[in-house]
Amino acid sequence: MKNNRIKNIKSTLLSDNYYTLRKLNFDYLMKRGNWVNQMREVYDRGDGAGILLYNKKKKTVVLTKQFRMPTYMNDNEDGFLVEICAGMLDKDNPEACIIRETEEEVGYRLKEVKKVYEAYSSPGVMTEKMYFFVGEYTDDMKVNDGGGLDSEHEDIEVLELPFIQAIKMLENGEIHDTRTIVLLQYAQIHNLLEN
């Protein structure tokens, strides 16, 4: 769908080292009827998917812990974050992506997942849309130790936690990842771990 309030878009590539950073200049029609020129930097890293794994019988969830340099640069003392299992789509559909990432990162082979949301991660600067899933796991679905791919230099710690503990971590500020907060709250609101 074309937006008639935007015209004369000029894009300048600033970086394409790993993902793409562009500077965009464009004319924007304000609601008062006047045109203004605006400039934005837009980071395109593709879309992603994330999942909260839960076990109703054990009342547990599976999370990960890994080093995140941007958080280390912004007041995260050791740079480690507790997060949901997540990854980039890499041209897969969201469901296939999250099933693949679940096996790579935490070692569980899922047959089915449920999509609960899709949303833009940081729409002021990024193109990324995140697909949020939940999936029930059992011990017999464990096919490897997880930890990520050596080829991608991933170093992921797998955390199986009582759901109550994960919620306490959320409430006392030990979880700083928005995607994880969204899915833990989804599980809480929808009583996901109730029998």
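- Interatomic distance, CG of N37 versus CG of N8, reported as 8.5 Å (0.5 Å rounding).
- Residues I181 and Y117 fall within the same hydrophobic cluster, defined by Ile, Leu, Val, Met, Phe, Trp and Tyr side chains chained together at heavy-atom separations under 4.5 Å.
- Note that the CZ atom of R109 and the NZ atom of K142 stand 12.0 Å from one another [nearest 0.5 Å].
- With sequence neighbours excluded, the residues that form a side-chain hydrogen bond (donor to acceptor under 3.5 Å, both in side chains) with E128 are R45, S121.
- You'll find the side chain of N4 stays beyond 4.5 Å of the side chain of L29, heavy atoms only.
- To the nearest 0.5 angstrom, L159 atom CG is 6.5 Å from L63 atom CG.
- With contacts defined as side-chain heavy-atom distances shorter than 4.5 Å, the pair D47/M88 does not qualify.
- The ring-ring contact (aromatic ring centres under 6.0 Å, His included) check on Y120 picks up nothing, with sequence neighbours excluded.
- Using modelled atom types, one side-chain atom of N93 and one backbone atom of E95 make a donor-acceptor pair closer than 3.5 Å.
- Heavy-atom contacts from other residues, nucleotides or ligands closer than 6.0 Å to NZ of K23 number 12 or fewer.
- For residues 181-192, every residue pair satisfying the side chain to side chain donor-acceptor pair (under 3.5 Å) rule, not counting sequence neighbours, is listed here: K114-Y186.
- Hydrophobic clustering (side-chain heavy atoms under 4.5 Å, transitive across Ile, Leu, Val, Met, Phe, Trp, Tyr) groups V61 together with V134.
- Nearest heavy atoms, G146 versus N144: N-OD1, 2.6 Å.
- Residue D155 places its CG atom among 12 or fewer non-hydrogen atoms of other residues, nucleotides or ligands, all under 6.0 Å distant.
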Report the C-alpha distance between E160 and K58 in whole Å, list the side-chain angles of each, state the deciding distance to 0.1 Å, and finish with yes or no for salt bridge (charged side-chain N to carboxylate O under 4.0 Å, His left out). CA-CA 10 Å; E160 184 177 36; K58 297 192 318 183; 2.7 Å; yes

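- A donor-acceptor distance shorter than 3.5 angstrom exists from the side chain of N76 to the backbone of F80, with no hydrogens or angles considered.
- Side-chain contacts under 4.5 Å among hydrophobic residues (ILVMFWY), followed directly or transitively, place L53 together with I51, V62, L89, I98, I99, V106, Y108, L110, V113, Y131, F133, Y137, M141, V158.
- Residue T71 holds its OG1 atom at 9.0 Å from CE of M69, rounded to the nearest 0.5 Å.
- For the pair R100 and E103, the salt-bridge criterion is not met [side-chain N within less than 4.0 Å of a carboxylate O].
- The CD1 atom of I175 lies 4.5 Å from the CE atom of M169; values are rounded to the nearest 0.5 Å.
- Hydrophobic clustering, with ILVMFWY side chains joined whenever heavy atoms are under 4.5 angstrom apart, groups V125 together with L14.
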CA sep, side-chain torsions, deciding dist, call: V182, F132, side chain to side chain contact (heavy atoms under 4.5 Å, CB included)
CA-CA 9 Å; V182 165; F132 293 86; 4.1 Å; yes

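- Grouping Ile, Leu, Val, Met, Phe, Trp and Tyr by side-chain contacts under 4.5 Å, direct or through others, puts I9 with I6, L24, F26, Y28, M30, V36, V42.
- The minimum heavy-atom distance linking A86 with M130 is given by the pair CB-CE, 3.9 Å.
- Atom CG of D75 sits in a sparse spot, with 12 or fewer heavy atoms from other residues, nucleotides or ligands closer than 6.0 Å.
- Across L192, T60, L184, N55, a single residue satisfies side chain to side chain contact (heavy atoms under 4.5 Å, CB included) together with F163, and that is L184.
- No hydrogens or angles considered: a donor-acceptor pair under 3.5 Å links the side chains of T127 and D44.
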Assess whether side chain to side chain contact (heavy atoms under 4.5 Å, CB included) is satisfied between Q165 and K168, documenting all intermediate values.
CA-CA 5 Å; Q165 181 182 347; K168 284 181 183 167; 5.5 Å; no

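- Two residues are said to be in side-chain contact when any heavy atoms from C-beta on lie closer than 4.5 Å; R22 and E41 fail this criterion.
- Of all the heavy atoms in C97 and G87, the pair that sits closest is SG-O, 3.9 Å.
- The NZ atom of K57 lies 14.5 Å from the CG atom of L193; values are rounded to the nearest 0.5 Å.
- Taking the six-membered ring where tryptophan is involved, the planes of Y43 and Y19 are perpendicular, since the angle between them exceeds 60° and thus also 30°.
- Annotation: side-chain contact (heavy atoms from CB on, under 4.5 Å) contacts of Q66 (sequence neighbours excluded): T64, R68, E83, I156.
- Note: the hydrophobic cluster containing Y18 also contains M126 (ILVMFWY, side chain heavy atoms under 4.5 Å, direct or indirect links).
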